[in-house]
Amino acid sequence: MQTPSRIVTGIAAAGLALVMLAGCSGGSGSQSQSKADACRQIQDELKGVSSQLQSQIAKISSDPGAAAAALRKFDDKFSDGVDKVTEPTVKKQASAAEESFHTMSTEISAYAKDPGSADVSELQSTLATLQQRMTTLSKTCDG
């Protein structure tokens with residue numbers, strides 16, 4: 001069974017995968033948003049907070065409140081990036097991934113308030129869904 005800190009490490013990896021979205025080259029120059037532009041929009045929103053997320057997640061055992069705060073900040077930036085996406089395919093995949101990230105952020109915030117009450121199997125399920133949705137988003141941006 002994974003511990004909550006291992007689960008959160010998986011979250012950080014999933015979040016960092018967003019920042020490294022492939023297929024984000026070149027702009028279209030037109031009014032409609034290309035897939036590459038949409039992926040780049042999300043990537044650009046997350047660049048500044050990704051290193052903070054990684055450093056705070058490493059401290060989940062010693063400072064779960066800071067880790068939860070970093071997740072909330074990342075979640076807010078992710079949401080901001082998704083809100084600016086208009087390309088339909090990327091929007092659909094990014095929205096699904098952001099929804100899962102938001103769920104995970106909420107669960108980790110509850111864990112930070114009371115680590116003893118963490119439902120590890122629920123965290124594992126949420127992480128699995130998040131990872132699947134991040135993979136789908138990454139494939140969308142790669143292709």
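Below, each value reflects all heavy atoms present in this structure, side chains not excepted, and no hydrogens, waters or symmetry copies.
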Pair Ile42-Val90, side chain to side chain contact (heavy atoms under 4.5 Å, CB included): steps then yes or no: CA-CA 10 Å; Ile42 295 167; Val90 175; 4.1 Å; yes
Stepwise side chain to side chain contact (heavy atoms under 4.5 Å, CB included) test for Gln41 and Glu87: CA-CA 11 Å; Gln41 178 62 52; Glu87 197 284 327; over 6 Å; no
Between Thr136 and Gln132: side-chain donor-acceptor atoms closer than 3.5 Å: yes
Considering all heavy atoms, the nearest Ala112-Ala68 contact: CB-CB, 3.8 Å
Salt bridge (Lys or Arg N to Asp or Glu O under 4.0 Å) against Glu45, all qualifying residues, sequence neighbours excluded: Lys77, Lys84
Verdict with supporting geometry, Glu98 and Asp75, side chain to side chain contact (heavy atoms under 4.5 Å, CB included): CA-CA 7 Å; Glu98 198 285 322; Asp75 181 35; 2.5 Å; yes
Heavy-atom pair with the smallest gap, counting every atom of Met134 and Ala97: SD-CB, 3.7 Å
Parallel, tilted or perpendicular: rings of Phe74 and Phe101 (30°, 60°): tilted
NZ/Lys91: more than 12 non-hydrogen atoms of other groups inside 6.0 Å: yes
Atom pair CZ/CD1 of Arg72 and Ile108 - distance to nearest 0.5 Å: 11.0 Å
Nearest-0.5 Å distance, CD of residue Gln93 to OG1 of residue Thr89: 7.5 Å
Lys73/Asp76 ion pair, N-O < 4.0 Å: no
Between Glu107 and Thr126: side-chain donor-acceptor atoms closer than 3.5 Å: yes
Residue pairs involving residues 112-130 (criterion salt bridge (Lys or Arg N to Asp or Glu O under 4.0 Å); sequence neighbours excluded): none
Asp44 CG to Asp37 CG distance, which is reported to the nearest 0.5 Å: 10.0 Å
Donor-acceptor contact present, side-chain Ser125 to main-chain Ser121, <3.5 Å: no
Euclidean distance, Thr106 OG1 relative to Met104 CE, rounded to 0.5 Å: 10.5 Å
Heavy-atom pair with the smallest gap, counting every atom of Ala94 and Leu137: N-CD1, 3.8 Å
